[in-house]
Amino acid sequence: MPKVKTKDKNAVLGIDIGGTGMKGAPVDIEKGVLLDDRFRIDTPHPPRPEPMLSVIGQIIEHFKWTGRVGCGFPGVMKKGEVFTAANLSKKWIGVNIRDEIDKMSSCEAAVINDADAAGLAEMKFGAGKERNGKGGGVVVMVTLGTGIGTAVFADGQLVHNTELGHIEIEGKDAEKRAAASRKEKDNLSWKKWGKKVNKYLQTMEMLLSPDLFIIGGGVSKKPERFFKYIDVRAELVAASMHNEAGIVGAALAIKL
Ligand code: BGC
């Protein structure tokens with residue numbers, strides 16, 4: 001028997017769609033906590049819509065979910081439709097994930113960019129909560145994973161779909177230089193990679209003058225390994241919700 005009643009007022013199934021894994025869990029969107037264990041499936045390869053939509057279906061089915069669903073997707077999203085998919089199959093472009101969930105289940109769904117989702121969770125429940133409102137200033141959340149995702153907040157207000165992981169630095173897409181996947185692929189030391197992240201954050205600082213940078217992604221569990229190579233004027237903190245930010249934030253999309 002599933003642990004969570006899917007029609008509970010504050011319960012939303014959060015699904016975090018990523019280039020390596022797809023994860024879901026029911027979330028209490030008022031408390032920002034998971035209500036059951038996460039369920040994870042490797043992202044099918046090649047990462048095309050059909051097999052990945054079927055994984056979304058399996059996640060919904062796993063929790064016997066019939067209530068509301070919020071999804072985070074690694075691309076520009078508008079009204080449920082995928083506009084870009086830098087690290088997945090280009091066949092995703094034009095697919096309306098909200099409509100697809102509607103077809104495969106009885107769930108009402110909302111979809112947002114994955115970094116925007118993580119940013120929402122950190123602003124509401126995590127490292128950004130002191131700045132989530134009037135006078136909070138500019139907060140930039142940067143997720144370092146397969147790609148680089150960004151979420152920009154001004155006084156707690158999110159500007160959706162900023163895609164600042166794709167600014168060019170020295171003629172190259174920034175995420176190709178400084179994403180966590182770059183460190184792995186090239187077997188870079190923390191120092192070498194940390195300096196690339198530094199260059200990226202300094203460029204972001206020049207453009208946006210944030211008051212706070214929140215750094216997310218798996219590497220944010222080990223900030224002591226690379227924060228020492230980062231020299232920016234803004235306050236710099238690691239995301240505090242780690243793995244859960246993507247799922248919790250995805251669930252929050254239902255409120256937007
Ligand atoms: C995508 C963004 C996404 C980021 C993190 C980038 O390649 O363009 O939409 O937020 O990766 O997944």
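Remember, it's a predicted structure, so these values are computed and weren't measured experimentally. First listed ligand is number 1; within each ligand, the first listed atom is number 1.
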Nearest non-hydrogen protein atom, [atom]:
atom	result
atom 5 (C) of ligand 1	D114 OD2, 3.5 Å
atom 6 (C) of ligand 1	E175 OE1, 3.2 Å
atom 2 (C) of ligand 1	E163 OE2, 3.2 Å

* Please confirm whether N161 comes under 4.0 Å of ligand 1, counting heavy atoms of the residue only. =>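 Judged by the 4.0 Å heavy-atom criterion, N161 does not count as contacting ligand 1.
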
Closer than 3.5 angstrom, by distance alone: can the side chain of [X] be matched with the main-chain N or O of [Y] as a donor-acceptor pair?
X	Y	answer
T150	T162	no
W193	K196	no
N96	R98	yes

Checklist entry - Going by distance only, is there an N or O of G75 that falls short of 3.5 Å from an N or O of ligand 1? => result yes

In short, Y200 meets A178 closest at the heavy-atom pair CB-CB, 4.4 Å

For ligand 1, the portion of [X] having any non-hydrogen atom under 4.0 Å away:
X	value
N113	side chain
A86	side chain
N87	side chain

dist K91:NZ -> M52:CE (nearest 0.5 Å) comes out at 14.0 Å

Atoms of ligand 1 under 4.0 Å from any heavy atom of G149, numbered from 1 in the order shown, are 4 (C), 5 (C), 10 (O)

Quick note on ligand 1: atoms under 4.0 Å from a heavy atom of H166 include exactly 1 (C), 6 (C), 7 (O), 8 (O)

Checklist entry - Is the number of heavy atoms from other residues, nucleotides or ligands under 6.0 Å of K192 NZ greater than 12? => result no

| said: Taking atom CD as the centre, does Q58 end up with more than 12 heavy-atom neighbours from other residues, nucleotides or ligands that are less than 6.0 angstrom away? | reply: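 Atom CD in Q58 is crowded, with more than 12 foreign heavy atoms closer than 6.0 Å.
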
